[in-house]
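Below is one structure, written out as structure tokens; comments come after it.
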Amino acid sequence: MRLATWNVNWLAARLPRVTAWMEEHQPDVVCLQETKLADDKFPSDVFSDLGYEAVHHGDGRWNGVAILSRLGVHDPVLGFRSAEDEHGCRIIAATCGGVRVHSVYVPNGRSLDNEFYGIKLDWLARLRTMLDETCQAGGSVAVCGDFNVAPDDGDVWDPGHFVGMTHVSEPERAALRQVEGWGLNDVFRQFNEPGVFTWWDYRAGDFHEGRGMRIDLVLVSDDLAGRASGAFMDRNARKGQKPSDHAPVVVDFTDA
DNA sequence: ATGGTGGCCCGGCCA
């Protein structure tokens with residue numbers, strides 16, 4: 001199974017790039033974030049023509065998450081049980097090829113003194129609760145998406161630059177570890193050295209200057225981690241005309 | 001360096 005995650009920063013603008021990328025890389029399951037589409041505007045037919053079933057959770061303006069799969073889409077769950085915990089459309093789950101897949105877009109947090117920072121920490125705690133409530137220990141589980149947290153200092157271009165900022169603060173990293181504590185592994189790290197990033201600000205030539213962060217993660221249960229055969233970030237998808245500010249992350253698994 | 005860019009929808013918000 002080839003599993004991918006990509007924050008596309010508005011699917012309407014990115015659809016040609018996304019479909020071309022899927023045809024080139026042939027993922028079996030794709031988690032998308034920041035589609036910024038209402039459900040009735042989601043281009044299910046385009047993905048259907050490529051052989052993928054899709055489930056989408058979006059309200060049209062901000063956020064928006066989806067799962068595309070050519071291994072089936074079973075038992076989809078849109079959002080948390082309580083919408084007020086979710087702060088927009090930020091999580092969708094479905095079973096694809098025997099794996100419980102989650103596509104997540106964690107709140108940005110804005111700044112350490114902003115109310116959205118607390119919302120971000122609460123959201124990550126709520127994610128852990130969802131895993132506790134809906135996933136069986138020992139099952140095949142993947143939580144993929146834009147976590148808006150760089151797991152450690154090797155995941156940012158310059159730790160000194162980020163002192164006092166979100167994405168790197170200890171409470172955020174601790175909240176991420178609590179999610180991983182369900183029994184998930186940051187599988188990208190098995191195959192890549194520190195310094196491989198997934199997001200670069202559009203501004204000031206950050207991409208070309210290498211000023212990025214690794215905030216797009218694929219967290220998988222132990223059985224999947226044991227079957228992982230490779231993982232990469234596709235830098236080419238961040239180049240050229242009208243890119244997302246995120247690059248996709250791909251992980252390959254051998255069959256069970 | 002409080003800029004810079006690029007999305008939402010068309011002025012302020014969000015990343």
Does the pair A/E170 and A/R177 meet the rule for a salt bridge (Lys or Arg N to Asp or Glu O under 4.0 Å), with working shown? CA-CA 10 Å; A/E170 183 49 34; A/R177 287 194 296 270; 2.4 Å; yes

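- In the hydrophobic cluster analysis, where Ile, Leu, Val, Met, Phe, Trp and Tyr join through side-chain heavy atoms closer than 4.5 angstrom, A/I215 is grouped together with A/W200.
- Among the heavy atoms of the strands lying under 4.0 Å from A/Y105 are primed sugar atoms or P, OP1, OP2 only; no base atom is included.
- A straight line from CD1 of A/I119 to P of B/dA15 spans 11 Å, rounded to a whole angstrom.
- The side chain of A/W62 has B/dG7 as its nearest neighbour among B/dG6, B/dA15, B/dG7.
- Rounding to whole angstrom units, CZ of residue A/F207 and C1' of B/dT5 are separated by 15 Å.
- Taking the C1' atom of each, B/dA15 and B/dG4 are spaced 13 Å apart, rounded to whole Å.
- At B/dC9, none of the side-chain N or O atoms of A/R61 fall inside 4.0 Å of OP1 or OP2 (strictly under the cut-off).
- The listed nucleotides are B/dG6, B/dG7, B/dA15; the one nearest the side chain of A/E34 is B/dA15.
- Phosphate contact (OP1/OP2 of B/dG7, side-chain N/O of A/K242, threshold under 4.0 Å): present.
- Geometrically, A/R238 engages A/F207 in a cation-pi contact defined by less than 6.0 Å to the ring centre and at most 45° from the axis.
- Between A/A13 and A/G109, the residue whose closest nucleotide on DNA chain B is further toward the 5' end is A/A13.
- For the P atom pair drawn from B/dG6 and B/dA1, the interatomic distance equals 25 Å after rounding to whole Å.
- Comparing B/dG7, B/dA15, B/dC9 against the side chain of A/R14 picks out B/dG7 as the nearest.
- Rounded to a whole Å, the NE2 atom of A/H246 is 13 Å from the P atom of B/dG7.
- A salt bridge is absent between A/D155 and A/R173: the closest approach of a Lys/Arg side-chain nitrogen to an acidic carboxylate oxygen does not fall below 4.0 angstrom.
- Between the NZ atom of A/K36 and the P atom of B/dA15 there is a distance of 9 Å, given to the nearest Å.
- In this structure, the ring of A/W6 has its center less than 6.0 angstrom from the ring center of A/W21.
- Look at A/R203 and you won't find any side-chain N or O under 4.0 angstrom from OP1 or OP2 of B/dG6.
- Rounded to an integer number of Å, the gap from CZ of A/R17 to P of B/dG6 is 13 Å.
- Comparing the P positions of B/dC13 and B/dG3 gives a spacing of 16 Å, expressed to the nearest Å.
- Nucleotide B/dG7 holds its C1' atom 16 Å from the CH2 atom of A/W6, rounded to whole Å.
- Residue A/L37 contributes atom CG, which lies 14 Å from atom P of B/dG7 at whole-angstrom precision.
- Put simply, CG on A/L15 is 15 Å from P on B/dG7, counting in whole angstrom units.
- Distance check on atom P: B/dC9 versus B/dT5 gives 22 Å, rounded to whole Å.
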When you look at A/D28 and A/R2, which way does the salt bridge (Lys or Arg N to Asp or Glu O under 4.0 Å) test go after all the steps? CA-CA 5 Å; A/D28 296 301; A/R2 168 164 278 190; over 6 Å; no

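- Comparing A/D245 and A/N9 against DNA chain B, the residue whose closest nucleotide sits nearer the 5' end is A/N9.
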